[in-house]
Number of protein chains: 2
Amino acid sequence: MEDVAERAGVSAMTVSRVLNTPEKVRPDTRARVLDAVRELSYRPNSAARSLVTGRSGVLGVVSFDTTLYGPASTLHGIEQAARSEDYLVTTVSVSALSRRSIGEAVDRLRFQSVDGVVIVAPHESAADGLRHLPPDLPAVVVGASDDLPVPVAAVDQVTGAVRATKHLLSLGHRTVWHVSGPQDWIDASGRIAGWRSVLEAEGREIPEPLLGDWSARSGFEHGKRLARDPEVTAVFVANDHMATGMLRALREAGRQVPQDVSVVGFDDVPEAAYLWPPLSTVRQNFAEVGRLSFQLLLDRIDGRAGAPHRMIEPELVVRESTAARLPG
Amino acid sequence: MEDVAERAGVSAMTVSRVLNTPEKVRPDTRARVLDAVRELSYRPNSAARSLVTGRSGVLGVVSFDTTLYGPASTLHGIEQAARSEDYLVTTVSVSALSRRSIGEAVDRLRFQSVDGVVIVAPHESAADGLRHLPPDLPAVVVGASDDLPVPVAAVDQVTGAVRATKHLLSLGHRTVWHVSGPQDWIDASGRIAGWRSVLEAEGREIPEPLLGDWSARSGFEHGKRLARDPEVTAVFVANDHMATGMLRALREAGRQVPQDVSVVGFDDVPEAAYLWPPLSTVRQNFAEVGRLSFQLLLDRIDGRAGAPHRMIEPELVVRESTAARLPG
DNA sequence: CAAATGGATGATAGCGATAACATCATTTGA
DNA sequence: TCAAATGATGTTATCGCTATCATCCATTTG
């Protein structure tokens, strides 16, 4: 920086000003400094800058398995939003959402002096970890219950499940079976709650939900079981991957979708529209959740109050895996 | 740090030593310092540390669309490997792999003083950007051609395509059609080359490859076309998502898979085994690629020579979307 | 037993930037 | 016309840490 200053015939301070508050420098001086910067291809040292400003320009994201479509999309949304404000994003992927693993992940990020963290923790057991976040670190949570002492951005799982279930009932099905995600996932319990509430309100029989693990495999296994029961004409599956396995199981058992059984998924992964049959599902706008959570975090970092919780409505996408129940 | 030193009755320098080179401090002093650290819950300031050491402990990853299964898995592999060496990973997702976008992404990372970068750039047009990487920044490329001046880690696409194609021919098919990815993708051209080489070597007819865009949609469109041609009995589709669309198109046109047409995909996404029928495909170990690229990068950062290029063999996974050609 | 050796610890000087205040030149207004 | 206000730039101190060399003490050695 000293070199740049000398070359431009100014002091280091002026160089710093050109880089940070250009409007406070006379245009001609500014131009000279910028030329010098270019000629020497000078790059400010971020470590020195953060040392004195106390800000790093880096955000941390703690997320469960980032290879999954949901987390990956959320992360992408955060990153895109962050870029527009000149933040960089550092990710820590955890393989368990316990209090300890979250604490460790946050510590690693803090050690690198991130300016704030987004925690993608759609899991019951994470709540404990979230309640014990260091109070001096701006933090936002994605996809958790809203009784936390930090802002939360999430898709309204209950509403999504309500829409899926109502859709199936409106097609004339007597009741709706449900293959759920693991119950300690917030998303899974929200979907169960939504599904159950509709059946209750309508006075329908409420079958025991079948516990899946989000994988196509578990959807397949449960599908084999459901296929044997001729009473089953409508299934709400808690995500598209399990629904994929479900479709295969029904097919292999000789049951037509949607003629014999209607299936609704959740997520709207990109392939959902090209499964056979194209899958009716509930679309979650993960990218938007990412964007929102970044905004919430930015509010906290900059000391603005900001909304405490932000819910996004999911959208029912009707394709060809659902149809009116055949008479009889 | 001053406080910790005082509390432990030593100088700041000794505290620093305890944290960085514990073996150079007498065990009892060390214990006292560590106690003080704990009691004050002191956390060293990474900015100050990097300012003086010139290292940040952060790696950068530049990747094309991180919501895709491949990039997301690679990223995950890098991150896991990095964690074990106490590195953190910062990601920049670019929406185009041009020289400019790569340059900008690398600049943003450099601005944050990353210790090195991994560039996931399976795209022709990126090569130019890669040739102009700043020479003073340790860099490694994933999934590019191997004529670059930086180490490359990649899955051997040609071998994968060869295996898929040979598999189909061995089932008695006269020739194999191919739905490719965009030709300016390294992976796509590698798969085309492998497929073509087998057909040439065996003296089979070589149909014009059908250009897809990796999406299920494009697989579906091409599938509709191929379904009309009764000559088509075997298709090698360049990724699983397009293969998903292909399966639907064939089905809708009344052609049975695998009885009438055999289909092989590429990637082995987690759902592939639960499509209907379960998809035969070529598995790429993305996580391993991520790990390898991190190793290559670490070698460069630490000034070791290290292997220049690392190729990983993909694996053919035969499921139920391929079968012997029906006689006649 | 003095000198040499070596291990543990301390004092000092930056690393490269910015905050805060000081300075100087110019403009403004009565 | 001149004091006060304004705006551009410079000076100094400091952020929190580690490299380097100095110092001290306890051994070992001749």
Side-chain angles (χ1 to χ4, degrees), chain A residues 1-37 40-58 86 88 107 109-115 136-137 301-303, chain B residues 1-37 40-58 86 88 107-115 136-137:
Chain A
M1 182 155 127
E2 211 55 51
D3 302 348
V4 173
E6 194 173 341
R7 183 168 193 119
V10 297
S11 74
M13 195 58 234
T14 300
V15 176
S16 170
R17 270 192 276 260
V18 169
L19 265 32
N20 296 298
T21 51
E23 71 281 2
K24 294 198 173 173
V25 176
R26 269 212 336 257
D28 56 325
T29 326
R30 192 192 312 158
R32 245 179 324 144
V33 171
L34 288 176
D35 283 347
V37 166
L40 300 175
S41 62
Y42 158 79
R43 328 180 54 62
N45 178 314
S46 64
R49 174 177 290 175
S50 352
L51 182 56
V52 60
T53 60
R55 284 185 164 222
S56 63
V58 178
D86 274 323
L88 239 36
D107 275 352
L109 289 168
R110 237 155 56 113
F111 180 72
Q112 280 297 335
S113 331
V114 295
D115 293 338
D136 57 326
L137 178 69
I301 290 177
D302 292 344
Chain B
M1 182 153 130
E2 211 58 50
D3 303 347
V4 174
E6 194 173 341
R7 185 171 192 117
V10 297
S11 73
M13 195 58 236
T14 299
V15 175
S16 171
R17 270 192 275 260
V18 168
L19 265 31
N20 296 298
T21 51
E23 72 280 2
K24 295 196 172 176
V25 177
R26 272 214 333 258
D28 56 326
T29 326
R30 194 192 311 159
R32 247 181 320 143
V33 171
L34 288 176
D35 282 347
V37 165
L40 300 174
S41 61
Y42 159 79
R43 329 179 50 63
N45 177 313
S46 65
R49 175 178 289 177
S50 5
L51 183 56
V52 58
T53 61
R55 283 186 164 220
S56 64
V58 178
D86 274 323
L88 239 34
D107 276 352
R108 295 187 58 221
L109 289 168
R110 238 160 51 117
F111 180 73
Q112 281 297 338
S113 330
V114 296
D115 292 339
D136 56 328
L137 179 70

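In what follows, chains carry the letters A, B, and so on, assigned in the order in which the sequence lines appear, proteins first and then strands, with residues in each chain numbered from 1.
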Within-4.5 Å side-chain heavy-atom neighbours: R110(A) and L137(A): yes

Flag side-chain contact, heavy atom, 4.5 Å: Y42(B) against L19(B): yes

Which residue lies more 5' along DNA chain C, comparing V52(B) with P27(B) via nearest heavy atoms: P27(B)

Name the closest nucleotide to the [X] side chain, picking from [options].
| X | options | result |
| --- | --- | --- |
| V10(A) | dC15(C), dG10(D), dG16(C) | dG10(D) |
| S16(A) | dA17(C), dT20(D), dG16(D) | dA17(C) |
| M13(A) | dC15(C), dA19(C), dT9(C) | dA19(C) |
| R26(A) | dG16(D), dT11(D), dA8(D) | dA8(D) |
| S11(B) | dT9(D), dG16(D), dG10(C) | dG10(C) |
| Y42(B) | dC17(D), dT9(D), dT18(C) | dC17(D) |

[atom2] on [Y] to [atom1] on [X], rounded to 0.5 Å:
| X | Y | atom1 | atom2 | result |
| --- | --- | --- | --- | --- |
| R49(B) | L51(B) | CZ | CG | 12.5 Å |
| R26(B) | R32(B) | CZ | CZ | 8.0 Å |
| S11(B) | E6(B) | OG | CD | 12.0 Å |

[X] [atom1] to [N] [atom2]: how many Å, rounded?
| X | N | atom1 | atom2 | answer |
| --- | --- | --- | --- | --- |
| F111(A) | dG16(D) | CZ | C1' | 13 Å |
| L19(B) | dC17(D) | CG | P | 9 Å |
| E6(B) | dG16(D) | CD | P | 16 Å |
| R30(B) | dT9(C) | CZ | P | 10 Å |
| K24(A) | dG10(D) | NZ | C1' | 15 Å |
| R55(B) | dC17(D) | CZ | P | 19 Å |
| E2(B) | dT14(D) | CD | P | 14 Å |

Overall bend - the helix from dC1(C)-dG30(D) to dA30(C)-dT1(D), comparing terminal axes fitted on five pairs, nearest 10 degrees: 40°

[N] phosphate, OP1 or OP2, under 4.0 Å from [X] side-chain N/O:
| X | N | result |
| --- | --- | --- |
| T29(B) | dT9(C) | yes |
| N45(B) | dC15(D) | no |
| T14(A) | dA8(D) | no |
| T53(A) | dA17(C) | no |
| R49(A) | dT18(C) | yes |

Polar side-chain contact R17(A)-dG10(D) base: donor and acceptor under 3.5 Å: yes

Short side-chain to backbone donor-acceptor contact, R30(A) and P22(A), under 3.5 Å: yes

Check: S56(B) main-chain N/O paired with S113(B) side-chain donor or acceptor under 3.5 Å: no

Heavy atoms from other residues, nucleotides or ligands near CD of E23(A) exceed 12 (cutoff 6.0 Å): yes

